[in-house]
Visitor: 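Structure provided below as C-alpha cells; questions to follow.
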Number of protein chains: 2
Amino acid sequence: MISVEEQLKSMKQQMIAKGYKSTVQREATMRVLLEHERDHMSAEDVYMRVKERFPEIGLATVYRTLELLTELHLVEKMNFGDGVARFDLRSEDHEHMHHHMICSVCGEVEEIQDDWLTELEQRVKREYGFNVSDHRLDFIGTFASCKHGDCRRHCETAS
Amino acid sequence: MISVEEQLKSMKQQMIAKGYKSTVQREATMRVLLEHERDHMSAEDVYMRVKERFPEIGLATVYRTLELLTELHLVEKMNFGDGVARFDLRSEDHEHMHHHMICSVCGEVEEIQDDWLTELEQRVKREYGFNVSDHRLDFIGTFASCKHGDCRRHCETAS
DNA sequence: TCTTTATTTAGAATGATTATAATTTAATAA
DNA sequence: TTATTAAATTATAATCATTCTAAATAAAGA
C-alpha cells in the first residue's frame, strides 16, 4: 500500500510528464479523491469537499481537473443513469477492474473488487474481432437486507 | 416474428391495462421505435423521426412517452456516458439481455445478442446476497476494422 | 353526447456541464 | 532571482438535455 503523499507525488509527476501544470487547486482536488477512494462522488460532491479546505476554488476548475485526471487514466468516470457523472480514483493496477451492484431499493452502489470478465473479453475478441480495452459491468437488483425492508446499512449513505 | 401492427396493438393494450390512454402521439412514437428496433436512439433522434410524420408533436411529449414506455418495461433506457439517454424497444423475451461493444475509434455501438451473465448473476447472489433483476455489460475497445484505419462500416452510421 | 381526467402544447425552468474573457500563476530561461 | 510565456483559474454566461407549468385539447366511459 502506497501512502497518500506518495500517490499524490506520482500523480503530479504524470501530469507534468504530459505537459500539464501542477497547481494547488489540482492538488487539493486529488487529495479529496485520495481520501474518498471508492465513494463514487459526483463533481458537485468533490467540489464541496475541496471547498472545505480551499474555499476560493471554482466549480469549473473541479470539472476541468476531473476531466484531466480522467484523460490521464488516473480517475474513472462513471455514469449510473441518474444524470450525474461520478468519479473514482483508479487503483494502482489498472488491469484489476471492478464491477457494481446497484440497489434499486436504496440506490446504494457497492463494488465487486474482482474482475470476472477476462474470459468474456477473449470471447468478444474471438467471436467479434473486437479488442477490449475496458469494460463496465453493473448489476441492478436488491440486497437481501433491503428486500426485507431493513436496508439501514445500505440506505444511510445513500439518500 | 410478430408484425409491427400486432406489436403496436399489444403495446397499446398494456398501456390501457395500466390506466394510461392511447393517443396518436404515443402511437407515432411507438411506431418509430418499432421501425428502429436496435438503433439506440436518443430522445432527440426519436423526436426528429416522429416529427417527420407528425410535425405538431412536441419534444416534451416524446420524452414523456419514452419515460412511460420505460416504466412499462416496453423500452430500455440506456446510458453510454455521452450525456444523452438512449432508447430501444425491449425484445419480446425480456430474459434475453444483450451486451454492447462500444468502439472508441468510431463511436459505433454494436450488440451481442447473447446473455453471457447468467452464471455471474448466480455468483453475485451467492457471494453478496444481491438479487439481480437486470444488468448491463459494455465492452469498450476497437473493432479489428477500425484499428486498421478502415472503419467505414462502423463509422458511417456514427457521424 | 357529456363529463371527467389524462394528455398535449409551447415555452419557461432546471440542473449538469462547458465555454468565455480577464486575471493570475506555474514552469522555464536568462 | 527575476522576467517571460503559456497554461490555469475565476466568475459568469452559455449550452445542452431534460423536466415542469399552465392553458388548451382529446380519450374513455357513463
Side-chain angles (χ1 to χ4, degrees), chain A residues 8-9 11-32 40-51 53-72 74-75 77-87 159, chain B residues 8-9 11-32 40-51 53-72 74-75 77-87 159:
Chain A
L8 203 57
K9 192 177 155 196
M11 294 170 82
K12 284 203 236 173
Q13 282 173 343
Q14 288 185 62
M15 262 189 184
I16 291 168
K18 295 265 167 110
Y20 298 105
K21 289 177 179 169
S22 172
T23 70
V24 282
Q25 292 88 343
R26 282 173 181 175
E27 179 171 333
T29 305
M30 290 190 281
R31 228 173 249 285
V32 164
H40 308 300
M41 288 182 288
S42 67
E44 191 76 36
D45 291 337
V46 175
Y47 172 62
M48 290 192 305
R49 298 226 157 89
V50 178
K51 224 171 165 24
R53 305 207 225 128
F54 199 102
E56 323 86 78
I57 202 168
L59 178 57
T61 300
V62 172
Y63 269 102
R64 260 179 282 115
T65 302
L66 290 169
E67 191 192 0
L68 173 61
L69 291 170
T70 304
E71 208 179 294
L72 294 173
L74 294 170
V75 153
K77 182 177 181 179
M78 286 160 289
N79 216 297
F80 296 115
D82 60 349
V84 291
R86 298 183 177 274
F87 302 85
S159 91
Chain B
L8 203 56
K9 192 177 155 196
M11 293 170 83
K12 285 204 235 173
Q13 282 173 343
Q14 289 185 62
M15 262 189 185
I16 291 166
K18 294 265 167 112
Y20 299 105
K21 288 176 179 169
S22 172
T23 69
V24 281
Q25 292 89 342
R26 282 172 182 175
E27 179 170 334
T29 305
M30 290 190 283
R31 228 175 249 285
V32 165
H40 308 300
M41 287 184 287
S42 67
E44 191 76 36
D45 291 337
V46 176
Y47 172 62
M48 290 191 307
R49 298 226 158 89
V50 178
K51 223 170 166 26
R53 303 206 228 129
F54 199 101
E56 322 87 77
I57 203 167
L59 178 57
T61 300
V62 172
Y63 268 102
R64 258 179 283 114
T65 303
L66 290 170
E67 190 192 0
L68 172 62
L69 291 169
T70 304
E71 208 179 295
L72 294 173
L74 293 169
V75 153
K77 182 177 181 179
M78 285 159 291
N79 215 298
F80 296 116
D82 61 348
V84 291
R86 297 183 177 275
F87 302 85
S159 93

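Chain naming here is simple, since letters A, B, ... match the order of the sequence lines and numbering starts at 1 in each.
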Visitor: What is the distance from atom CG of B/Leu59 to atom CZ of B/Arg64, rounded to the nearest 0.5 Å?
Guide: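 Output value for this atom pair is 10.0 Å.
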Visitor: Distance only, no hydrogens: is a donor on one side chain within 3.5 Å (strictly under) of an acceptor on the other, for A/Tyr20 and A/Glu71?
Guide: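 Their side chains do contain a donor-acceptor pair, which is all the 3.5 Å distance test asks for.
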Visitor: To the nearest Å, give me how far apart CG (B/Leu59) and P (C/dA13) are.
Guide: 17 Å
Visitor: In whole Å, what is the span from the CG atom of A/Asp82 to the P atom of D/dT19?
Guide: 12 Å
Visitor: For a quick test of reading the model, state the closest non-hydrogen atom pair linking B/Ala43 to B/Val62 and the distance between them.
Guide: O-CG1, 3.9 Å
Visitor: Does a side-chain N or O from A/Tyr63 land closer than 4.0 Å to OP1 or OP2 of C/dT18, or not?
Guide: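 Indeed not, no polar side-chain atom of A/Tyr63 lies that close.
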Visitor: Taking OH from B/Tyr47 and P from D/dT19, how many angstroms apart are they, rounded to a whole number?
Guide: 16 Å
Visitor: Taking it one step at a time, do A/Arg49 and A/Tyr47 satisfy side-chain contact (heavy atoms from CB on, under 4.5 Å)?
Guide: CA-CA 5 Å; A/Arg49 298 226 157 89; A/Tyr47 172 62; over 6 Å; no
Visitor: Can you measure A/Glu44 atom CD to C/dT18 atom P for me and round it to whole angstrom units?
Guide: 13 Å
Visitor: Working to the nearest 0.5 Å, report the span between CE of A/Met11 and CE of A/Met30.
Guide: 5.5 Å
Visitor: Under 3.5 Å between N/O atoms: give me all the protein pairs with nucleotides 4-8 of chain C, atom names plus distance.
Guide:
residue: C/dT5; atom: O2; partner: B/Lys21; partner atom: NZ; Å: 2.9
residue: C/dA6; atom: O4'; partner: B/Lys21; partner atom: NZ; Å: 3.1
residue: C/dT7; atom: OP1; partner: B/Lys21; partner atom: N; Å: 3.2
residue: C/dT7; atom: OP1; partner: B/Arg26; partner atom: NH1; Å: 2.8
residue: C/dT7; atom: OP1; partner: B/Arg26; partner atom: NH2; Å: 3.3
residue: C/dT8; atom: OP1; partner: B/Thr23; partner atom: OG1; Å: 2.7
residue: C/dT8; atom: OP2; partner: B/Arg64; partner atom: NH1; Å: 3.3
residue: C/dT8; atom: O3'; partner: B/Gln25; partner atom: NE2; Å: 2.8

Visitor: Using whole Å, report how far CG of A/Asn79 lies from P of D/dT18.
Guide: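 So the CG-P distance, A/Asn79 to D/dT18, works out to 11 Å.
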Visitor: Within the structure shown, what part of the strands sits under 4.0 Å from A/Ser42 by heavy-atom distance: base, sugar-phosphate, or nothing?
Guide: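 It contacts nothing in the nucleic acid.
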Visitor: Could you grab the distance from atom CD1 of A/Ile57 to atom OG1 of A/Thr29, nearest 0.5 Å is fine?
Guide: 4.0 Å
Visitor: Between C1' on C/dA16 and CD on A/Glu67, what's the gap in Å once rounded to a whole number?
Guide: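 Rounding to the nearest Å, CD of A/Glu67 and C1' of C/dA16 are 14 Å apart.
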Visitor: Does anything in residues 16-32 of chain A form a salt bridge (Lys or Arg N to Asp or Glu O under 4.0 Å)? List the pairs, not counting sequence neighbours.
Guide: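 Found A/Glu5-A/Arg31, A/Lys12-A/Glu27, A/Glu27-A/Arg31.
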Visitor: Need one value for A/Ala85: base, sugar-phosphate or nothing, where a base atom within 4.0 Å counts as base even if backbone is also close, heavy atoms only.
Guide: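 Sugar-phosphate: the residue A/Ala85, judged by heavy atoms under 4.0 Å, touches backbone atoms but no base.
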Visitor: Report the distance from atom CE of B/Met15 to atom C1' of D/dA28, rounded to the nearest whole Å.
Guide: 15 Å
Visitor: So that I know where these two stand, are B/His40 and B/Phe87 an aromatic pair - ring centroids less than 6.0 Å apart?
Guide: no
Visitor: Per the end-axis method with five pairs at each terminus, what is the bend angle of the helix from C/dT1-D/dA30 to C/dA30-D/dT1, to 10°?
Guide: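 Overall, the helix from C/dT1-D/dA30 to C/dA30-D/dT1 bends by 30° from one end axis to the other.
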Visitor: So, the side chain of B/Thr65 versus the backbone of B/Thr61: is there a donor-acceptor pair under 3.5 Å, distance only?
Guide: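 It does hold such a pair.
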Visitor: Distance check needed: D/dT10 C1' versus A/Lys51 NZ, whole Å only.
Guide: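 Rounding to the nearest Å, NZ of A/Lys51 and C1' of D/dT10 are 11 Å apart.
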